[in-house]
Amino acid sequence: MSTENEGTAVPPAPSAPPVPVDAPAASTPQASEAGAPTTPIPPVPPHASGGAQGPELVHAGPAPAYASAEGGAQQGASGAPQHPGPGPEGTWPPPQSPGTPLYADGGAGGAGGAWGSGYQQPAPKPKNGRGGLVAAVLVAALVAGGIGGGLGYTLAKDNDNGSSTTLSASDSGGSVKRDAGTVAGVAQKALPSTVTIEAESTSGEGGTGTGFVFDTQGHIVTNNHVVADAVDGGKLSATFPNGKKYDAEVVGHAQGYDVAVIKLKNAPSDLKPLTLGNSDQVAVGDSTIAIGAPFGLSNTVTTGIISAKDRPVASSDGSGSNASYMSALQTDASINPGNSGGPLLDAQGNVIGINSAIQSTSGGGLGGTSQSGSIGLGFAIPINQAKYVAQQLIQTGKPVYAKIGASVSLEESTGGAKITTEGAGGSDPVEAGGPAAKAGLKPGDVITKLDDHVIDSGPTLIGEIWTHKPGDKVKITYERGGKTQTVDLTLGARTGDS
């Protein structure tokens, strides 16, 4: 499947995101509890999704999903990503190839390769196209006029009693009431609290994404890949549907979760935060409403349903240097490059997710660009997880990840998440004194379940771990020597992306 945080084609993604449990990575470095990374993020396998290779994944706004419980890839002193994978066959970041989720904001393959890059207008059509339109309008007007004239003549003839007949049209079709539960009612209420975000790096590269009002202090929640270009001294702005534009700054960003929080400068006093729903209570078949700026078309509203839950997704910007992992909500609401970071709403207008990636069949996008478009497979970060991350970013400026303290293989055909026999960068595969060690897990063990969730790969394990908070107690089912065992494990914590 391909997820796009709007428009970036990425290498094939596993049925579950690649998962190194305790490894720092170049794109998503992860530190251990002591502040040092324990395991880098391995490469995203070409066919991680249950072994079936699907169309390329593209970010619906810039961002992928991490494949390791511990964090991401580690970056060397030279700036090039290291490849601390469990085996020689795995490297991180993964190579760009069809089948990997891309950000839904045009991150992969966009103009200039920038996430969320603007949509290029196609060449104007020949003049005869306009002439045809004018002709059609004129014909419609003439037909209407003919009907009106004929009707007036008939009425006058039938009522010809020596007095004139005057026909007057009603000056109103009645008041239009849009109930709160209708799509129009939800859009009317939610649109004023969504913004179109423009991010630009110091070198002038950047793109467009979406965000929504999180609180009355001016905090806006969006995707990490939407604002990544503006993190180090770049420019950032947010524009509301009424045309008011505000400069903004990044408060904090989490690459692994693909969540970021920005704050408006000189924020207005009448901000109305969107109501957050409960993504744990979402059911397959529930109606969904997505708001965003696909291909730069701000304030666009699309509808669909929840197609699936707990979908393991690894998404990337297509460069192989940035990736994220999520246990996503899948929706068929149309999501395209520029939708990244925008709200996915339920039928009552509550935010249930953050649109982040789409699966795309190819890199051929609209307007002659290489950006891919929606084929009805969109992925959103569940709001329960995003809310927790956003609160951490506002409070400390850094993300906090849950971890098990073990390195796992990113290979797709292991039948679970296998703890490697060698750790990343020469470290121990099972962190001494860490959660996995305390629970009795050892190298070679294959984790097949986390609570009631089936684990079919390392990336799936990471996505599931990251839906929890440090300190949560989970039940781990694993296989060792042909026997299945179950243990209780308390998740540890890792702060920051590096």
Item to check | Side-chain H-bond candidate by donor/acceptor type, T288 with T331, under 3.5 Å | outcome: yes
Item to check | Distance-only polar pair, side chains of S327 and E464, donor-acceptor under 3.5 Å | outcome: yes
Checklist outcome for this item: Residue set satisfying side chain to side chain contact (heavy atoms under 4.5 Å, CB included) with S269, at least two apart, ordered chain then number -> none
Checklist outcome for this item: Sorted by chain and residue number, the side chain to side chain donor-acceptor pair (under 3.5 Å) partners of N299 (sequence neighbours excluded) come out as none
Checklist entry - What residue pairs, at least two apart or across chains, pass salt bridge (charged side-chain N to carboxylate O under 4.0 Å, His left out) with a residue in residues 263-275? => result none
List, one per line, each side-chain donor-acceptor pair under 3.5 Å for residues 230-250, sequence neighbours excluded.
unit_1	atom_1	unit_2	atom_2	d
N242	OD1	K244	N	3.0

Checklist entry - Would a 4.5 Å heavy-atom cut-off, applied to side chains only, mark L461 and I404 as touching? => result yes
Item to check | Side-chain heavy atoms of I289 within contact of V183, under 4.5 Å | outcome: yes
Checklist entry - Should I354 and N223 count as side-chain neighbours, where that means a heavy-atom distance under 4.5 Å? => result yes
Checklist entry - How about L491 and P435: do any of their side-chain heavy atoms sit closer than 4.5 Å? => result no
Item to check | Residue pair T196 / S298, side-chain donor-acceptor N/O under 3.5 Å | outcome: yes
Next on the checklist: Are L345 and N350 packed together at the side-chain level, in the sense that at least one heavy-atom pair is separated by less than 4.5 angstrom?
Outcome noted: no
Checklist outcome for this item: When rounded to the nearest 0.5 Å, the distance separating CD1 of I291 from CD1 of I335 is 12.0 Å
Checklist entry - Is any side-chain heavy atom of F212 less than 4.5 Å from a side-chain heavy atom of V195? => result no
Checklist entry - Hey, does V213 have a side-chain heavy atom less than 4.5 Å from the side chain of I220? => result yes
N/O donor-acceptor pairs under 3.5 Å from side chains in residues 378-389, not counting sequence neighbours:
unit_1	atom_1	unit_2	atom_2	d
N384	OD1	S279	N	3.2
N384	OD1	S279	OG	3.3
N384	ND2	N278	OD1	2.9
N384	ND2	D280	OD2	3.1
Q385	NE2	W466	O	2.9

Checklist entry - With sequence neighbours left out, what residues match S287 under side chain to side chain contact (heavy atoms under 4.5 Å, CB included)? => result A347
